[in-house]
Amino acid sequence: MIVADNWKDYEILDANSGEKLERWGDIVLRRPDPQIIWNKSIDEYLWNSAHARYLRNNKGGGYWKFYKDIPDSWEIKYGNLKFSIHPTGFKHTGLFPEQAVNWDWISKKIKSSTKDVKVLNLFAYTGGASCAASNAGASEVVHVDAAKGMVRWAKENSILSGLENNKFRFLTDDVFKFIEKEIRRGNKYDAIIMDPPSYGRGPKGEIWKIENKFNELLQRIKKILTDDFLFVLINCYTTGFSNIALENIVKIEFSDMNRNIYSGQTLLPITSGDLYLPCGIYCRVE
């Protein structure tokens, strides 16, 4: 287990009965989280400090209820990185704070490398890992996501982080189609990061289901890795997937390579008590 405990601009103030109370800079939000199955006494004054709360509706979606005025978007920092935050209609804020512990690992790996490192980030969302890799000195970062809005958001984050003059490629594309094109072009990468969703659609309606496609995805990315590649990092939020199951799949697909493969769980500390929130799983190949 690895804990993302180096934040200054983010913290989980408290967590109880299916909800977490989070501080994003100066803004406090209440959001549901299925991992929070415990009940305990709460500080009513603390919980009433929320600027906004995300509430589920009967149709499976939800909406934000605002108690105080907040800006349309605001910035938070992690080290040298800056990110734009704003509540979206699907509960997210544009950042997964637990991934900071992987950003630190990515940065350390790239900084310790004696060669130029070309990085590919797949299912790359708003670019936290892309920015971390570029800030650490990657020679080039290729950022691929099927959602045009997420790619636009990632560009904004790279500019906020002062990385606009670094070598980036921001691409809106279906991941499988992009990899196939890279195989045909003979392009190779020294490091690959990916955060495959449980279910998704590409820009032209392509359907992705992790249980049907993940093995095939691993087989394909091996074809675009350099022989002496630095690392592969896989993040996963799929409910029901244990890190050991993820590690087993990766070990099978990379069995022909002499690589160190290990996995674990990402956690965030909860300020009000000696508790941690499980946030997802990861697997690393190095």
Side-chain angles (χ1 to χ4, degrees), residues 99 102-103 105-106 109-110 113 115-125 127-130 132-134 136 138-147 150-151 154 167-203 206-238 241 243-264 280-286:
Q99 287 304 317
N102 278 323
W103 304 338
W105 180 80
I106 290 166
K109 295 292 292 183
I110 292 172
S113 178
K115 66 168 190 172
D116 289 343
V117 180
K118 185 178 179 182
V119 178
L120 173 62
N121 190 6
L122 301 171
F123 310 100
Y125 196 51
S130 298
S134 182
S139 59
E140 181 180 1
V141 177
V142 179
H143 175 107
V144 183
D145 198 280
M150 295 300 105
V151 175
K167 193 170 183 182
F168 269 108
R169 289 173 64 203
F170 291 100
L171 303 172
T172 304
D173 204 347
D174 173 75
V175 164
F176 268 88
K177 290 183 178 180
F178 172 78
I179 295 172
E180 285 299 317
K181 287 183 283 188
E182 293 295 85
I183 292 171
R184 292 195 297 270
R185 289 186 286 237
N187 287 337
K188 301 279 187 177
Y189 295 88
D190 304 295
I192 294 180
I193 304 160
M194 57 179 168
D195 189 352
S198 303
Y199 177 86
R201 288 184 179 272
E206 303 91 343
I207 295 176
W208 158 273
K209 289 185 178 180
I210 192 168
E211 63 269 25
N212 298 335
K213 294 284 191 176
F214 190 59
N215 290 76
E216 185 181 352
L217 176 62
L218 293 177
Q219 291 164 12
R220 293 190 188 192
I221 67 165
K222 287 171 62 179
K223 297 179 181 179
I224 56 173
L225 284 166
T226 55
D227 292 339
D228 59 343
F229 72 88
L230 189 61
F231 67 81
V232 175
L233 170 64
I234 303 162
N235 298 300
C236 186
Y237 293 93
T238 302
F241 251 47
N243 65 285
I244 299 301
L246 177 62
E247 182 179 325
N248 287 346
I249 297 170
V250 176
K251 280 182 174 177
I252 291 169
E253 295 301 338
F254 281 80
S255 60
D256 57 338
M257 297 181 176
N258 184 24
R259 292 287 175 160
N260 182 25
I261 299 172
Y262 58 97
S263 65
I281 58 176
Y282 68 90
C283 186
R284 296 169 177 175
V285 183
E286 59 176 330

How close do [X] and [Y] get, heavy atom to heavy atom, and via which atoms?
{"X": "Asp195", "Y": "Cys236", "result": "OD1-N, 4.3 Å"}
{"X": "Leu225", "Y": "Val232", "result": "CD1-CG2, 3.9 Å"}
{"X": "Ala132", "Y": "Trp103", "result": "CB-CB, 3.7 Å"}
{"X": "Asn243", "Y": "Ser263", "result": "ND2-OG, 2.9 Å"}

Set of residues satisfying side chain to side chain contact (heavy atoms under 4.5 Å, CB included) with respect to [X], sequence neighbours excluded:
{"X": "Thr226", "answer": "Lys115, Lys188, Asp190, Asp228, Phe229"}
{"X": "Lys223", "answer": "Ile183"}
{"X": "Asn260", "answer": "Tyr262, Glu286"}
{"X": "Lys181", "answer": "Asp173, Arg184, Arg185"}

Nearest-0.5 Å distance that lies between atom [atom1] in [X] and atom [atom2] in [Y]:
{"X": "Ser134", "Y": "Asn121", "atom1": "OG", "atom2": "CG", "value": "11.5 Å"}
{"X": "Leu230", "Y": "Lys118", "atom1": "CG", "atom2": "NZ", "value": "15.0 Å"}
{"X": "Leu233", "Y": "Gln99", "atom1": "CG", "atom2": "CD", "value": "7.0 Å"}
{"X": "Arg169", "Y": "Leu120", "atom1": "CZ", "atom2": "CG", "value": "9.0 Å"}
{"X": "Asn187", "Y": "Phe178", "atom1": "CG", "atom2": "CZ", "value": "7.5 Å"}
{"X": "Glu247", "Y": "Ile234", "atom1": "CD", "atom2": "CD1", "value": "10.5 Å"}

Phe231 vs Arg284, side-chain contact (heavy atoms from CB on, under 4.5 Å): CA-CA, chis, key distance, verdict | CA-CA 7 Å; Phe231 67 81; Arg284 296 169 177 175; over 6 Å; no
Between Tyr189 and Ile221, does a side-chain contact (heavy atoms from CB on, under 4.5 Å) hold up when you go through it step by step?
-> CA-CA 9 Å; Tyr189 295 88; Ile221 67 165; over 6 Å; no
Examine distances only and state if a side-chain atom of Lys222 and a backbone atom of Glu253 form a donor-acceptor pair shorter than 3.5 Å.
->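 Here the side-chain-to-backbone pair exists.
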Short side-chain to backbone donor-acceptor contact, Thr172 and Ala146, under 3.5 Å |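 It does not hold such a pair.
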CA sep, side-chain torsions, deciding dist, call: Val119, Ile110, side-chain contact (heavy atoms from CB on, under 4.5 Å) = CA-CA 9 Å; Val119 178; Ile110 292 172; 4.1 Å; yes
Evaluate the side-chain proximity of Ile193 to Asn102: yes if any heavy-atom separation is below 4.5 Å, no if none is.
->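 In short, these two side chains do not touch, never coming nearer than 4.5 Å.
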Under a 4.5 Å cut-off applied to non-hydrogen side-chain atoms, are Leu246 and Phe214 in contact?
-> yes
Stepwise side-chain contact (heavy atoms from CB on, under 4.5 Å) test for Leu217 and Ile179 | CA-CA 9 Å; Leu217 176 62; Ile179 295 172; 3.6 Å; yes
Check ring pair (Phe, Tyr, Trp, His ring centres under 6.0 Å) between Phe170 and all other residues, then give those that pass, not counting sequence neighbours.
->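 In terms of ring pair (Phe, Tyr, Trp, His ring centres under 6.0 Å), with neighbours along the sequence ignored, Phe170 is linked to His143, Phe168.
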Who passes ring pair (Phe, Tyr, Trp, His ring centres under 6.0 Å) against Tyr125, sequence neighbours left out?
->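 Residues passing ring pair (Phe, Tyr, Trp, His ring centres under 6.0 Å) with Tyr125: Phe96.
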